[in-house]
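Scope of the values below: all heavy atoms of this structure, side chains included, with no hydrogens, waters or symmetry mates. Not measured: the values here are computed from a predicted model.
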Amino acid sequence: MIFSRTLRTFALLALLSASVAESSELLVSPAGTVTVGGRSVQLNTPAQFSGETLLLPLRETAALLGRPVQQNGTLIQAGRLVVQLSNRSMTIDGVPYAGPLVLTPGGDPLVDAKLLAYALDGQLVARPGGGFAILGVPAGAPPVATTPVPAPLPQGSPATLARPQPTAPGQPEARFATNKTVYAPGERVTYTDFSFDPEGLNLARQWDGMDEVFFTPGEHRITLVVKNTKGGVSAPYTRVIRVEGAPVNTPLSYALRFSPLGATFQDTRNPAYPALTAITQPAASFPLLFSDSPEAPGQSGVLYQDRASGRVRVVAYHLSRLTRPARLFVVARSRTAGAAVQVLREGSAGGTRMESVLGQVSVLDFMTGSGRARQDLPAQGLTPLYTSPLLLPGQGAKVMLDLQLSGEADLSVVMLEEGRPLTEETLQALPRLAPDPQHQRGTFPGAVRSLTVRLGGSPGRLTLGDNLSDLPLSGVDAITGTPQRLSGNYGVQYDITVENTVPGTSTVATFAPRGGQYRGGLVVEDGAERQVLRIPGSGVLTNGDYPLMLWRTPSRSFRLSFIPTGGSFLPVSLVFYPFPGELRP
């Protein structure tokens, strides 16, 4: 009579169980030979070594040690160990374990001998000469259906068990899980935190070793401690995951795929990426009246003044060094009958000593701002277009105005101490202050610069504000008649169309400071979507080796609008990366 392999296996296991039930010691030689009760046993599934890890067949080993094995579909249980064949996962007391798991063609699992010994309430010890012994397994004990607190792990046992330490009554308890126990290098880890407080108090969390991705193979220990609002602290709760196999991401590809918009990531290579050729596009533009000199006047006076008509942009950035409180004004005075002004868009910030804050907030305010209704300019007198908050000594203000003038008007930027009326007579009496040598003022044609860059199959960078590849505007100081160069093009609006020329790729757009500290803003227009982005999300950008994530898109074309901000350092670089496949913001 011919028995099936399964029947023969179970018959052998029954025979072995009956003959060795009184024994609790199993020896494995360096060659994989198994000895129980002083006699050699031939296993249907031989023991294996994976590196220095001994793998034993779960069913046969448990039977040799007198412990029953239960199977329900694809679930196999021996002692406190449950193996799920369908997804190759293992748990002890319901807690996931990572570690080697080999399935034979017949579906017999081979598991780490240390793991199996622990799950059977025994201990694995090394023997002289390289062999191993499983000791202390109680024979005939049924599988454990509850989840008691595990006994301490033997030295060198798998570290993937998450074991809460005993917690005093009433104290919070830390709990979390990961979506898997084994990850490939560069694979994203998902955490589920289900810590709790017995009284329902809010919890603060302190993690150790928690990363959303690991690139180094091996075991990684992650620990969570929680603290409630009464100062109660939980015991540490630890899980260990294993990282192995072929990488699915490099640090750079992971950052390009997953970094949140507004976050920075490391790329020390970006300064060396090839420079992109920006193609200047013909577009309607208009003059820029720029006032930043003297940047910090010590007396009331006219800081800049020029006559304008039609579309014009006014940018004024000044700090007060007056000994008394003062205000910064932008005023218009009609030069032709029937003149009128409409503020098309405006943005401002004032009343702070933090220069980079003035620059950033005013630019973001301008990018998100709206205009005002058309206003007639009287034949006599002044029309204030901007009035700053009251500025204490050392505080400053910045304003950006896009104006549409009907007829001609004199536009003046004025610093005036508090208490003096802003009248035409006062304006005529104020001195025209001389510029300082470090900053610029003047009227410059070309307030808007329209560019197109075309991307290929490799990363590329577009540098702005370097005065070399991005040339400064040339103009004139209307008060002194002196030629001027607007170093850095502060206040110029760059409208940049980005075209992806490589089918099947997405584009990742990033921002890197190159001259020092930078904070500002930028607008992305991608199809029907328009996003105003703060640069950076908080604080100040300082390190060009850590670019800021701006945008990712599968679109063949999108647009960026950028205005260099006062109080920050130039140049800056827009770095573009092609990425295979479809990426979304």
Novice: Over 60° means perpendicular and under 30° means parallel, so tell me whether Y494 and F562 are parallel, tilted or perpendicular.
Specialist: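 Ring orientation of Y494 relative to F562: tilted.
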
Novice: Would you say S450 and D495 are linked by a side-chain donor-acceptor pair, where the criterion is simply a distance under 3.5 Å?
Specialist: no

Novice: Is the shortest heavy-atom distance from the side chain of S356 to the side chain of L358 under 4.5 Å?
Specialist: no

Novice: Measure up the H220 and F214 rings against each other and bin them: parallel (under 30°), tilted (30 to 60°), perpendicular (over 60°).
Specialist: tilted

Novice: L522 versus S561: any side-chain heavy-atom pair under 4.5 Å?
Specialist: no

Novice: Hey, do the aromatic rings of F290 and Y490 have their centres closer than 6.0 Å?
Specialist: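 Ring centres of Y490 and F290 not closer than 6.0 Å.
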
Novice: Give a yes-or-no answer on whether the side chains of Y304 and T443 include a donor-acceptor pair shorter than 3.5 Å.
Specialist: yes

Novice: For the CD atom of E346 and the CG atom of L403, what is their distance to the nearest 0.5 Å?
Specialist: 9.0 Å

Novice: Does M415 reach the side chain of L322, with side-chain heavy atoms less than 4.5 Å apart?
Specialist: yes

Novice: At what distance, to the nearest 0.5 angstrom, does OH of Y577 lie from OG of S253?
Specialist: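 Going from OH on Y577 over to OG on S253, the span is 12.0 Å.
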
Novice: Give, for atom CG of L574 and atom CG of N270, the distance between the pair rounded to the nearest 0.5 Å.
Specialist: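 Those atoms lie 11.5 Å apart.
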
Novice: Atom CG in L328, atom OG1 in T387: separation rounded to 0.5 Å?
Specialist: 9.0 Å

Novice: Would you say the side chain of R534 lies within less than 4.5 Å of the side chain of R519, judging by non-hydrogen atoms?
Specialist: no

Novice: In terms of ring plane angle, is the pair Y254 and F215 parallel, tilted or perpendicular, where the classes change at 30° and 60°?
Specialist: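 Perpendicular, since the angle between the ring planes exceeds 60°.
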
